[in-house]
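These notes concern the structure reproduced below.
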Amino acid sequence: SLQLLEGGGTPSLQTPDFLGAVRALAASQFIDAELAQGMTHAYEFLRTLENRLQALTARQTHRLPTQPAQVERLAQLMGFESVREFEHFRIEQQAWVHAQFSDLFLERSGLRELSNKQQSIEWPPTDLLHASLVEREVDTSSAEVIANALTGLHQRLSKKPLSAEGRARLERLMPLFIETLTRQRDPTAGLNDLIALIETIARRSAYLALMYERPEILDHVIQVFGASEKVAQWIIQAPQLLDDLIDPAHYTTLPSPPVIDAQDPEQALNSVARWRQTRFLKTALAELSQSVDAPTAGKALSDVAQTCIQNILESIEQSPPLAVIAYGNLGARSLHYASDLDCVFLHAQGEVESEVVRIAQRLITLMQLPLPGGRLFEIDTRLRPNGRAGLLVSHIDRFSSYQEDQAWLWEHQALIRARWIAGDQDLACRFETIRQEVLAQARDPKETAQTLWNMRQKQTSGRSESPIKKRLTDIQFVGEWAVLTQAHQNVALLDARATQDQRELAEGLPPSVSLGLQASFSELTNALHHQWLSRDPEPLKDEMIKPMDTLIAEAWQTIQS
């Protein structure tokens, strides 16, 4: 268009070479140097993409593939390390071109790009917004809530120093955002979090362009925010997680852990943190979509935690070596999204304990360091011998003698779910030998049951437990009673760290009770995850609780009699 307009008086523009024309336009100051550079880069990228797409498909096509394998191959041909990076860069380039085209040819409001139905929705919002929402069958009260929230958003954004390009992208996105919002079953679900997200990414306009250019991502973001407050908060705090919604792979296809460069600990930490965020997000999305159940998610989260500890430990100078032993949910591979990591540290050195303690302290510090997406994990070391009064890192021999001569039953009980997760392999073998010897001791079933019952009563009287957590812990205690009293005869129980596995192997309960407890534990675990993830969780119903309570009471009565 500029060649047609200005070429008559500027001979240098009379060229069939596009890039030559761009240079001539800049030299004659019809466009600025920044625009010329952007046009050149976008043209070269898109022309290369066209050529490699056609080479990949052996067809004269301009339509991008939809099969994940082809998309991944195309990303490799374009020189990108991942599909996510390729898609983000492609959308950014196309959005930039679209913005330049729109600024020149279309009205600033961008409304001509919208469907007829969307044309009545304006941004910035006007007094007609409430009526437009009601026209789309949004009830009056919800329409008022949405209109007020969007008006407030506009007022706040109008005071922020956004770029002209950012405001243009916001004006293009918001009518589509509002239209998509009205199609939801409850358009107010997660609204405040969605508003917070828009406000957060307004100065990162690439994300505004991303959601405009990929309406399916916008629709999915709105659905996810409506379904889960916790996931919404993750994305608001770390908007780069939006990139993970671009990947065409299913949420159960999880990224590989990063390669750690011990020479750059800060970058190593940030890489591990970013990977943890992605794994947690994708696991949560898989649960929300019911692609995986809670036990499967718990194992995935546990593997994430273990990998984080392994990678961070490897980035620390390990001389002398130590071993990290996981207890609790991490040890049983049943981690929850909000779980701390119960860890015990062991070593086998003589006169260098201070150095081993320094390594353990460094690991704890890095794991708990505040990062843009939050800490990796909180570390709890209270399960070490003698608790808080004990040494942070225990010598393996002293650990062994403590377990044999001083440990209480509850400390032996805690060993059931313990396992090595990182550090020295020789210590791993020695720890497992100690663990199995302790758990394989013969114990009186009735006396053990009574001790566990007394401990459980003390727990429930001394702390507040949710209805789900209370019943899960009761069933866990019954399963661990079986390990403590039967492992000397049934060695398979020594490897049964998870409650579900213990119930399959244990004896001493009527089959109907055993099977009922196993089903109840699975149902309660799913409910625990559901209540944490869901924005509007369903409470446990009486018809579900009463049969569980009957089974739990019968189990306790059986093992104590």
Inspect the contact between [Y] and [X] and indicate whether a charged nitrogen and a carboxylate oxygen are less than 4.0 angstrom apart.
{"X": "R535", "Y": "D193", "value": "yes"}
{"X": "K446", "Y": "D444", "value": "no"}
{"X": "R456", "Y": "E465", "value": "yes"}
{"X": "D501", "Y": "R497", "value": "no"}

Q) Can S142 and D139 be counted as having a side-chain donor-acceptor contact under 3.5 angstrom? A) yes
Q | Test side chain to side chain donor-acceptor pair (under 3.5 Å) applied to D219 - qualifying residues, sequence neighbours left out | A |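 Side chain to side chain donor-acceptor pair (under 3.5 Å) check on D219 returns Q184, Q223.
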Q: Apply side chain to side chain contact (heavy atoms under 4.5 Å, CB included) to E404 and E437, showing your working.
A: CA-CA 9 Å; E404 183 178 349; E437 288 176 352; over 6 Å; no
Q. Do F477 and F521 make the cut of ring centroids closer than 6.0 angstrom?
A.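 Ring centroids of F477 and F521 are no less than 6.0 Å from each other.
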Quick one: does [X]'s side chain have a donor or acceptor within less than 3.5 Å of a partner on [Y]'s backbone?
{"X": "S315", "Y": "I312", "answer": "yes"}
{"X": "R443", "Y": "L484", "answer": "yes"}
{"X": "R279", "Y": "R276", "answer": "no"}

(Q) Just verifying a value: how many Å separate L281 CG and S228 OG, rounded to the nearest 0.5 Å? (A) 9.5 Å
Q.
According to ring pair (Phe, Tyr, Trp, His ring centres under 6.0 Å), who are the partners of W556, at least two apart in sequence or on a separate chain?
A.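 In terms of ring pair (Phe, Tyr, Trp, His ring centres under 6.0 Å), with neighbours along the sequence ignored, W556 is linked to W453.
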Q) Any side chain to side chain donor-acceptor pair (under 3.5 Å) pairs touching residues 541-553, not counting sequence neighbours? A) R471-D549
